[in-house]
Amino acid sequence: MLLSVVVVVLAACAAYVSGERGVGQAGPGTAPSGQASAGPALRDLMPANIRIGAAVDGRLYASDDRYRSTLVTDFNAVTAENAMKWANLQPEPGRYDWTASDQVVALAQSHGQAVYGHTLVWHSSVPSWLSESWSREQLRSALRHHVRTTVARYRGRVWAWDVVNEVLAEDGKLRDSIWLRKLGPTYIADAFRWAHEADPDARLFVNDYGVEGRSRKADGLFKLVRELRAQGVPVHGVGFQAHLRSNTAPIDATSNLRRFAALGVSVAITELDVRIQLPVSTKKLLDQALLYQHMLKACLAVSTCESFTVWGFTDASSWIASHYPGYGAACIYDSDMKPKPARDALLHELRRRVAPSPR
Ligand code: G3I
């Protein structure tokens, strides 16, 4: 099995590196030349019970034809990369600006895509007007108001929420944050209950990074989810961000996801990208493609995997370059919207699953 994907990916690497592959070739949507592209798209091959998503920049979604055409052809779900973060939604106390988040939801709905809400409670993107000098009750009521207001607004239009994001430190203990310092550890259970009251049908996730494979942090997350579930807190799923490097695979990703599923929760790959130490090479493109395929396999191997989301699908709109100097090319399409071998590896894995087994 591994051989077949390596063969496929090596051929894709050769075609990609030799530039044989034009914009949109073997990719979805319609190439500028109007030529229909070959083959089924990712969303066509994904099992019906698992959504394939991408983090999106709403402005590009609205204004860039190639960005939109590739996005709506390959993905049946979207996550707002930044538009639904608290600091962006509520730039001033008491004043919400829903323009950017409404735009993402409206575009997604008009293209038959589900929306994954990101994120309600986080140590980052906290509005600048909110101060640690406030009393515990003032902070708690501001947080409660934000969770309820945001979830209620998108009730029935957002299928799942990252209720709490990145709550753990690297040692698996709760991360030091304004919320932990001022509200104590109960802020997590509170946030889930507030979100559940505001939309009882929304799937509610705890989301974190560095937990995709077996690690102290993953063990800490496992313990946290088990405790919250034992307290009857409405935690429905666990999101594994998966911001990976092309030469480093998570340890035992499939068995790690499986143990979480055994707690009775869904799992989801929520923010997958595989950054390459520049310059790009055939070997690094191969490693990247096999890691994308590896994470998809892990999701497909767990019956409660709900979604598989990439954090940006084109190198033209990816956070990596600005956050990891010397790294880049982390997405399945390059900055010219040419599909990369990573996309071939995902297609190969999906085709392998739907292809009838040889008699
Ligand atoms: O929109 C402003 C622009 O007007 C201004 O000129 C520019 C210069 O400062 O900043 C722009 O805002 C930036 C925004 O991305 C949009 O590009 C923010 O400074 C920048 O901090 C923000 O970075 C985002 C980061 O989260 C912080 O919120 C990244 O795009 C986004 O990919 C990243 O995503 C996070 C997930 O939410 C959680 N998991 C990790 C992941 C990667 O860090």
Side-chain angles (χ1 to χ4, degrees), residues 53-64 67 71 75 77-92 97-104 115-128 130 146-147 150 158 160-170 175 177-179 188 191 204-213 215 217-218 221 237-246 248 250 267-276 295 307-333 335:
V56 297
D57 176 323
R59 286 164 301 187
L60 288 175
Y61 194 167
S63 62
D64 184 313
Y67 183 98
L71 174 66
F75 301 98
V78 299
T79 303
E81 184 174 6
N82 291 298
M84 288 186 176
K85 292 170 180 173
W86 195 356
N88 301 330
L89 286 177
Q90 204 181 1
E92 289 149 36
D97 178 356
W98 304 104
T99 316
S101 56
D102 282 358
Q103 179 188 50
V104 170
V115 179
Y116 186 100
H118 177 82
T119 177
L120 299 169
V121 184
W122 192 20
H123 64 275
S124 182
S125 193
V126 176
S128 56
L130 198 141
H146 175 63
V147 171
T150 307
V158 165
W161 283 99
D162 284 335
V163 175
V164 294
N165 189 42
E166 301 173 2
V167 291
L168 293 178
E170 296 316 301
R175 171 193 292 272
S177 72
I178 183 172
W179 308 121
I188 297 174
L204 305 179
F205 280 69
V206 50
N207 189 45
D208 219 318
Y209 64 88
V211 290
E212 299 77 29
S215 65
K217 193 173 180 180
L221 183 60
V238 178
F240 301 84
Q241 293 185 9
H243 294 290
L244 309 175
R245 273 188 323 194
S246 63
T248 315
V267 297
I269 302 296
T270 54
E271 306 184 15
L272 177 60
D273 51 25
V274 180
R275 59 188 180 275
I276 286 177
M295 295 314 292
S307 58
F308 179 85
T309 296
V310 294
W311 201 247
F313 59 95
T314 167
D315 297 333
S317 177
S318 167
W319 71 293
I320 295 292
S322 59
H323 288 71
Y324 289 97
Y327 283 82
C331 301
I332 66 171
Y333 285 86
S335 47

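In what follows, every heavy atom counts, from backbone to side chain, and hydrogens, waters and symmetry copies are set aside. Start at 1 and go down the list; that is how both ligands and their atoms are numbered.
Side chain of Asp315 to main chain of Ala330: a donor-acceptor pair is present (N/O by atom type, distance under 3.5 Å, no hydrogens or angles). Between the Asp57 side chain and the Glu81 main chain, no donor and acceptor come within less than 3.5 Å of each other. Side-chain atoms of Trp98 never come within 3.5 Å of backbone atoms of Leu89 as a donor-acceptor pair (strictly under, hydrogens ignored).
By the criterion of a heavy-atom distance under 4.0 Å, the side chain of Trp311, and not its backbone, is placed next to ligand 1. Residue contacts with ligand 1 for Asp57 are absent, since no atom lies close enough (heavy atoms, distance under 4.0 Å).
Atom 36 (C) of ligand 1 has its closest protein heavy atom at His118 NE2, 3.3 Å. For atom 41 (C) of ligand 1, the closest non-hydrogen atom of the protein is Glu271 OE1, 3.4 Å. At the shortest separation from atom 21 (O) of ligand 1 among protein heavy atoms lies His323 NE2, 4.9 Å. The nearest protein atom to atom 25 (C) of ligand 1, hydrogens excluded, is given as Lys85 NZ, 3.8 Å; this is a heavy-atom distance. From the protein, the heavy atom lying nearest to atom 17 (O) of ligand 1 is Asn82 ND2, 4.4 Å.
At least one protein heavy atom sits closer than 4.0 Å to atom 34 (O) of ligand 1. Protein heavy atoms are absent from the space less than 4.0 angstrom from atom 5 (C) of ligand 1. At a distance under 4.0 Å, a protein heavy atom can be found next to atom 43 (O) of ligand 1. Proximity of atom 8 (C) of ligand 1 to the protein is not indicated, since no non-hydrogen protein atom lies closer than 4.0 angstrom. For atom 11 (C) of ligand 1, the nearest protein heavy atom lies 4.0 Å away or farther. Within a 4.0 Å radius of atom 2 (C) of ligand 1, the protein has no heavy atom. For atom 39 (N) of ligand 1, a protein non-hydrogen atom is found at a distance below 4.0 Å. Using a 4.0 Å threshold on non-hydrogen atoms, atom 15 (O) of ligand 1 counts as touching the protein.
When all heavy atoms of Val274 and Arg245 are compared, the closest pair comes out as CG1-C, 4.0 Å. Smallest separation of non-hydrogen atoms from Trp311 and Ala55: CE3-CB, 3.3 Å. The two residues Arg175 and Tyr209 make their nearest non-hydrogen contact at NH2-OH, 3.0 Å. Across all non-hydrogen atoms, the minimal contact from Ser318 to Cys331 is CB-SG, 3.9 Å.
Residue contact annotation: Trp122 has a non-hydrogen atom under 4.0 Å from ligand 1.
For the residue pair Lys85 and Asn88, no side-chain donor N or O sits within less than 3.5 Å of a side-chain acceptor on the partner. If you check the side chains of Asn207 and Thr270, you find a donor sitting under 3.5 Å from an acceptor.
Atoms of ligand 1 lying under 4.0 Å from any heavy atom of Gln241, numbered from 1 in the order shown and given with element: 39 (N), 40 (C). Residue contact check: Asn165 has heavy atoms under 4.0 Å from atoms 38 (C) of ligand 1.
Between Leu204 and the choices Asp162, Leu120, Val164, Val163, the side chain to side chain contact (heavy atoms under 4.5 Å, CB included) rule is met once, by Val163.
Polar contact with ligand 1: absent for Ser124 (N/O pair, distance under 3.5 Å). At least one N or O atom of Glu81, backbone or side chain, sits closer than 3.5 Å to an N or O atom of ligand 1. For the pair Trp319 and ligand 1, the shortest N or O to N or O distance does not fall below 3.5 Å. At a 3.5 angstrom cut-off on N or O pairs, Ser125 does not count as close to ligand 1. At under 3.5 Å, not a single nitrogen or oxygen of Arg59, backbone or side chain, sits near a nitrogen or oxygen of ligand 1.
Relative ring orientation between Tyr327 and Tyr324 is described as perpendicular, the plane-to-plane angle rising above 60° on a 0-90° scale split at 30° and 60°. Taking the six-membered ring where tryptophan is involved, the planes of Phe313 and Tyr67 are tilted, since the angle between them lies from 30° to 60°.
With sequence neighbours excluded, no residue forms a salt bridge (Lys or Arg N to Asp or Glu O under 4.0 Å) with Asp273.
Tyr116 is not listed as a side-chain neighbour of Thr309, based on a closest heavy-atom distance of 4.5 Å or more.
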